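Quick note on labels: first sequence line is chain A, next is B, and so on, each numbered from 1. Bear in mind that the values here come from a model prediction, so they are computed numbers and not experimental data.
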Number of protein chains: 2
Amino acid sequence: MTMPSKSKVYEEVLKEIRRYIEFEGLSPGDKLPSERELAEQLNAGRSSVREALRAMELLGLIETRRGEGTFLSSYRPYHMVEILSAFILQESKTRENLKATKQIIEKEAAKIAMEQLETKDFEEFKKLIQSFEKGSETFHYDFFTVLFEAGENQLLQKIWRLMEEFSRTFHKPVYNIELYKSYIEALKEKNEQKIEELSSQFYDEENVEIS
Amino acid sequence: MTMPSKSKVYEEVLKEIRRYIEFEGLSPGDKLPSERELAEQLNAGRSSVREALRAMELLGLIETRRGEGTFLSSYRPYHMVEILSAFILQESKTRENLKATKQIIEKEAAKIAMEQLETKDFEEFKKLIQSFEKGSETFHYDFFTVLFEAGENQLLQKIWRLMEEFSRTFHKPVYNIELYKSYIEALKEKNEQKIEELSSQFYDEENVEIS
DNA sequence: GTAGGTTAGTGGTCAGACCACTTTTGTAAC
DNA sequence: GTTACAAAAGTGGTCTGACCACTAACCTAC
C-alpha cells in the first residue's frame with residue numbers, strides 16, 4: 001500500500017475499495033473481489049483489508065457471506081445504528097435533535113410527494129391502512145416510504161431512513177391510525193397547511209419511551 | 001470467545017467492550033485496556049479485537065494513539081461521516097437531490113433560528129456582510145453557520161455541513177450579496193413566507209458549474 | 001441425465017513475528 | 001539529590017501463514 005504520509009493502511013484500503021466500486025460501476029448486490037485478492041492487488045496484508053471490510057460492514061455498506069464472498073449491499077446501517085445508539089443517544093438533546101430533524105424531513109417529503117402522488121400510491125396507502133395491526137413496528141416507516149418513492153429524492157430518503165432506524169432504538173411507536181387517515185386526506189387535497197400540522201402531531205405525545 | 005450461536009467474534013468483542021466501559025464507568029478521555037490484554041481477557045485473537053476497535057474508531061467512539069493506547073473519545077463521528085457521505089452521496093448523486101435537500105435544510109434552519117436570533121447574531125451578520133469579498137468561497141457557509149448555531153440542532157447542522165462540502169466539489173458559488181441582505185431582513189421581520197421564497201432563490205441560477 | 005461425493009474458493013479466526021512510537025525505568029554523571 | 005540520557009517495556013500498526021467452516025462448482029459413477 002502506498003502510504004500518503006501517515007494514514008493507516010485500512011483507511012487507504014477503504015478509499016481504494018470505494019474507488020474500485022465507482023470505477024467498476026458496481027451496484028448493490030454485486031460482488032467484490034475476495035479478501036485475499038484485494039490484499040494482493042492493494043499490496044496490503046489480509047488483516048488490514050479485513051479491518052476495512054469489517055468497518056464497512058458495520059456501516060452497512062457491504063454484506064459478507066461466509067463461503068461465498070463480499071457483496072455490496074443496499075444501504076442498511078443496521079449494525080452501526082445498534083452500536084452507536086447505545087453510546088450516543090443518552091443525551092436527551094440528541095434525541096430532541098433527532099425528533100425535530102425527522103419531523104422536518106417527513107414534512108418536506110410529503111410536500112414534495114404531494115404533487116407527484118398517483119392513484120396507485122393512494123391504493124398503496126389504502127392497503128397499508130387495511131393491513132394495519134396494532135403491534136406493527138414498521139407502519140410509519142412503510143407509510144412514509146411510499147411518500148419518498150413518489151418524491152424521488154433518494155438522498156433525503158436515505159437520511160430519513162437512517163434517522164428512522166435510530167429513533168426506533170429508543171422510541172416505541174404507538175400509532176394513531178386516524179392521524180394517518182387524515183394525513184392521506186391532506187395529501188389528496190394538496191393541503192400544505194394541514195400537512196404541516198399533522199406532521200408535527202406524529203411526535204406530539206404518542207411515542208412512549210422504551211425503558 | 002464464548003459464541004452465542006453464530007455471531008462473529010468481533011461483534012461479541014464489541015458488545016463486551018461496551019459492557020466493560022459501562023461497568024467501569026469510563027468517560028471520554030479514559031484509557032481502555034491494550035489490544036493484547038483485551039484479547040487475552042476476552043479469550044479472542046488480537047486480530048478480532050482489532051476489527052472491533054477499528055470499527056469503533058470509524059464510528060468515532062474511540063481514539064487510538066500509537067505507542068500510547070486506546071482512549072474513549074467524546075463522540076465525534078468524523079470518520080464515519082466522511083466515509084458514509086462518500087458512499088451515500090456517490091450513489092444518489094443526482095445534483096438535483098442534493099440541491100433540493102440542502103435548500104430544505106437551510107430553509108428549516110432559518111425558520112428554527114428565527115425565534116432564537118439575538119442582537120449579537122445580527123451583528124455577526126453585519127460583520128459578514130461588511131467583510132464580504134467577491135471571491136469568497138465560504139460566505140454562504142459562514143452565513144448559515146450563524147443561523148445553525150442559534151438554532152441548536154447540531155444534527156441538522158451536521159447533515160447540512162456535509163452537503164455543503166460536497167456540493168462545493170461541483171458548484172462554484174457566485175454570491176448575490178443583496179439576496180443575503182434581504183434574507184437578514186426577513187429574519188428580523190420573522191417573515192416565514194419571505195424566508196421560504198428567498199431560500200429557494202439561492203439556488204435559482206446563481207450557481208455556475210465547475211467544468 | 002442425475003445423484004452424490006470431491007475439490008477449490010471464500011470468509012472467520014488465531015498465533016506469532018516485526019516495526020514505529022511513547023512511556024517508564026534504570027543508571028551514570030553532576 | 002538532581003539531572004540527563006540510554007535502555008527496556010509497553011502499545012498500536014502491519015504482515016504472514018496456518019487452520020476451520022461453509023459454499024459452489026466440478027467430476028465421477030451409476
Side-chain angles (χ1 to χ4, degrees), chain A residues 1-17 20-21 24 26 28-73 78-79 83, chain B residues 1-17 20-21 24 26 28-73 78-79 83:
Chain A
M1 198 80 236
T2 6
M3 292 257 284
S5 66
K6 290 200 176 184
S7 335
K8 300 172 187 173
V9 172
Y10 92 96
E11 288 176 348
E12 286 309 308
V13 172
L14 212 41
K15 287 181 193 163
E16 215 55 56
I17 293 176
Y20 175 86
I21 291 170
E24 297 282 329
L26 299 186
D30 291 344
K31 193 168 177 302
L32 284 176
S34 76
E35 297 179 350
R36 291 171 176 82
E37 197 172 333
L38 279 173
E40 190 179 3
Q41 282 194 357
L42 301 180
N43 199 26
R46 194 181 154 213
S47 51
S48 291
V49 170
R50 271 187 68 80
E51 288 184 11
L53 289 177
R54 252 10 75 214
M56 286 180 70
E57 186 181 54
L58 210 72
L59 255 39
L61 298 170
I62 58 171
E63 199 178 311
T64 54
R65 297 202 280 273
R66 174 191 243 161
E68 296 182 61
T70 305
F71 303 83
L72 259 186
S73 84
Y78 159 72
H79 289 296
I83 307 287
Chain B
M1 199 75 236
T2 7
M3 291 258 283
S5 68
K6 288 199 173 188
S7 320
K8 299 171 187 171
V9 172
Y10 92 96
E11 289 176 348
E12 286 309 309
V13 172
L14 210 41
K15 287 180 193 165
E16 214 56 55
I17 294 176
Y20 175 85
I21 291 171
E24 297 283 329
L26 299 187
D30 291 345
K31 193 167 177 301
L32 284 175
S34 75
E35 296 180 350
R36 291 170 177 84
E37 196 172 335
L38 279 172
E40 190 179 2
Q41 282 195 357
L42 302 179
N43 199 25
R46 194 180 153 212
S47 50
S48 291
V49 170
R50 272 187 68 80
E51 288 183 10
L53 289 176
R54 254 8 76 216
M56 286 180 72
E57 186 180 56
L58 209 72
L59 292 181
L61 298 172
I62 58 171
E63 200 178 311
T64 55
R65 298 202 281 274
R66 174 191 243 159
E68 296 181 62
T70 305
F71 303 83
L72 219 61
S73 83
Y78 165 71
H79 287 297
I83 308 285

Query raised in the report: Got a salt bridge between A:R54 and A:E35, using NZ or NE/NH1/NH2 to carboxylate O under 4.0 Å?
Result: yes
Query raised in the report: Taking the side chain of B:R50 as its heavy atoms from C-beta onward, which of D:dG12, D:dC15, C:dT10 lies nearest to it?
Result: D:dG12
Query - Value in whole Å for how far the P atom of C:dG12 lies from CD of A:E51 - result: 14 Å
Query raised in the report: Is the distance from OP1 or OP2 of D:dG13 to the nearest side-chain N or O of A:S48 less than 4.0 Å?
Result: no
Query - Side chain proximity check, A:L53 to A:I17, heavy atoms < 4.5 angstrom - result: yes
Query raised in the report: A:R65 has an atom CZ; how far is it from atom C1' of D:dC22, in whole Å?
Result: 13 Å
Query raised in the report: Rounded to the Å, how far apart are B:L42 CG and C:dT13 C1'?
Result: 15 Å
Query raised in the report: Going by atom types only, do B:Y10 and A:E51 share a side-chain donor-acceptor pair under 3.5 Å?
Result: no
Requested in this report: May I ask you to decide whether A:R66 forms a salt bridge with A:E68, counting only side-chain N to carboxylate O separations under 4.0 Å?
Outcome: no
Query - Nearest-angstrom distance from the residue atom CD of A:E63 to P of C:dT10 - result: 18 Å
Report task. Starting at atom CZ of B:F71, determine the distance to atom C1' of C:dT23, rounded to an integer number of angstrom. Result -> 11 Å
Requested in this report: Could you check if a side-chain atom of A:L59 sits within less than 4.5 angstrom of a side-chain atom of B:L59, using non-hydrogen atoms only?
Outcome: yes
Report task. Tell me which of A:E68 and B:S34 sits closer to the 5' end of DNA chain D, going by the nucleotide each one is nearest to. Result -> B:S34
Query - For atom CD of A:E35 and atom P of C:dT13, their distance in whole Å - result: 10 Å
**Report entry** For atom CG of B:L58 and atom P of D:dG13, their distance in whole Å
**Finding:** 13 Å
Query raised in the report: Quick one: are A:Y20 and A:P33 in side-chain contact, heavy atoms under 4.5 Å?
Result: yes
Contacts under 3.5 Å, N or O only, protein and nucleotides 16-21 of chain D:
residue : atom : partner : partner atom : Å
D:dA18  : N6   : A:R46   : NH1          : 3.4

Report task. Using atom OH of B:Y10 as one end and atom C1' of C:dC14 as the other, report the distance to the nearest whole Å. Result -> 17 Å
Query - A:T64 side-chain N/O to C:dG12 phosphate OP1/OP2 under 4.0 Å - result: yes
Query - By side chain to side chain donor-acceptor pair (under 3.5 Å) - contacts of A:T70 (at least two apart) - result: none
